[in-house]
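Have a look at the structure below before the remarks.
Atoms within each ligand, like the ligands themselves, are counted from 1 in listed order.
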Amino acid sequence: MFAKSVPQAAQSSIELPDALLALGDFAFIDVETTGTKPLTSRLTEVAVIRFSAGKAPVRWQTLLNPGTSIPSEIQVLTGITNDMVRDAPSFFEIRDQLRELLTDAFFVAHNARFDYGFIKNEFRRAGESFTSDALCTVRLSRALYPNADGHGLDAIIHRHRLSGFARHRAMGDTEATAAFVRYAAEDHGVETVFAAAKSLLKMPSLPAQLESNSIADIPDSPGVYLFYGINDLPIYIGKAKELRTRIRSHFSSDHMTPNDIRLSQELRRIEWRPTAGEFSALLLEAQLVKEKLPLHNIALRKRTKLGFLSLSVVDEATESTSAAPTWLAADEWISGDGDTSTRSVFGPFNDKATAKRWLATIAKDHQLCDHALGFSKPRTLNDPCFPRQLGRCFGVCVGAESIEAHQARVADAMASQRMPDWPFDGVATFEERDEVNDRVDLLRFDQWCAVAGGERLPFDADVFKLLRRMLAKHTAGFAGKRRISF
Ligand SMILES: [Zn+2]
């Protein structure tokens, strides 16, 4: 019923070899738009030809009412006028039909990022998410014809003497794109085109024991994923900004690490939990790892060596030379405990050795005393430290500088790494929102640590960094508030 104002393009029956379609279904697509920006411009026409092995191609096209006026120069370029789209359906009305055509197929387009961006955004406007594996025929052309001059559709049509398409209309361009792939398969052989497409699609080499459709449904939303071996405890837990992309990257031969290879040998089953955002994913990951202790979470386990340097404030009453910064393991650290007027905390550092190296560097830059920093011990009273002997210490070790003055310089030198004060009075609640998937996660924090089940989790450097970044972004909005949305 919505095709009432849709002119049919000339029928040219393009077939693709089944050997190529063994990779999967190919949905060739082209869109016409009111402009070039997926976020603000709208679709005026969409055409799809879907190829499946052993079946006749399915052709579908429609004009779309963009809900806005088409600029005159675009009307001239595409031949699609405001009059033509006035009675056409909106994207919302055709979205289910389009989704069916595009589901479980590769999204193939010339300059696929453009078409994919528009389709994704139209679905987003309709309150739905859309994800697909896009194959760009510009890239395919570049891969197969690296020495050719230009890979625009006009150049390709001209070079390979393809003809008979209504150019700059969606179906015409879709046909031309499919005709190019068919031509390339004849020219190079199906296997070469198959290999090039596979490489461009970054097709994951799934572990044999895993069903391929078990990753087909993974959404491209933020979240946490769990890999299981033969028993009920996960062997690996990871987080992702985009679940689908991240999980697949574990199995794409380009990026497989030795750990990925071991993982994929043991993997039997994948589970995932979408979250409202990156932040929620990070916290859920930390929580699940702590709960389930997966064997392969080596990277996360390393964080347990994390810690800080603690520096006492020296005044006349506590005058002593044992004011060197001391190591404070992250597990033992609870910010806000202890009086900040007597102690400052710096870091976080990955481990004690890293902290020590950093301290040595600033000691040198600021001509601090090796004895006072605890790098060496005085053998006698007024024993000059090694830097002092080289003229590189102001001389707190020999009484040439006061302990307070030296300590103040130490604090100055370390200032860039000082842990900021927790800007809230107790626990603060954050809302992370995902408008597209209509999801809100509530996150609670206290003293830069996540709070789960009423309990403060151990300090985590990633949580800290993310929190600080978020707060910096929302400076104006959060002052005094205990509940923040972002
Ligand atoms: Zn000294």
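By the salt bridge (charged side-chain N to carboxylate O under 4.0 Å, His left out) test, Asp173 pairs with Arg167, sequence neighbours left out. Remark: Thr33 pairs with no residue by the side chain to side chain donor-acceptor pair (under 3.5 Å) rule, at least two apart or across chains. In terms of the side-chain contact (heavy atoms from CB on, under 4.5 Å) criterion, residue partners of Thr192 (sequence neighbours excluded) are, by chain and number, Leu144, His188.
For the Zn ion (ligand 1), the set of protein N/O/S atoms nearer than 2.8 Å consists of Cys369 SG, Cys385 SG, Cys393 SG, Cys397 SG, ordered by chain and number.
Taking the six-membered ring wherever Trp is involved, the centroid distance between the rings of Phe180 and His110 does not fall below 6.0 Å.
Electrostatic pairing of Asp133 and Arg244 counts as a salt bridge here, judged by a charged N lying under 4.0 Å from a carboxylate O.
No donor-acceptor pair closer than 3.5 Å links the side chain of His406 to the backbone N or O of Ala372.
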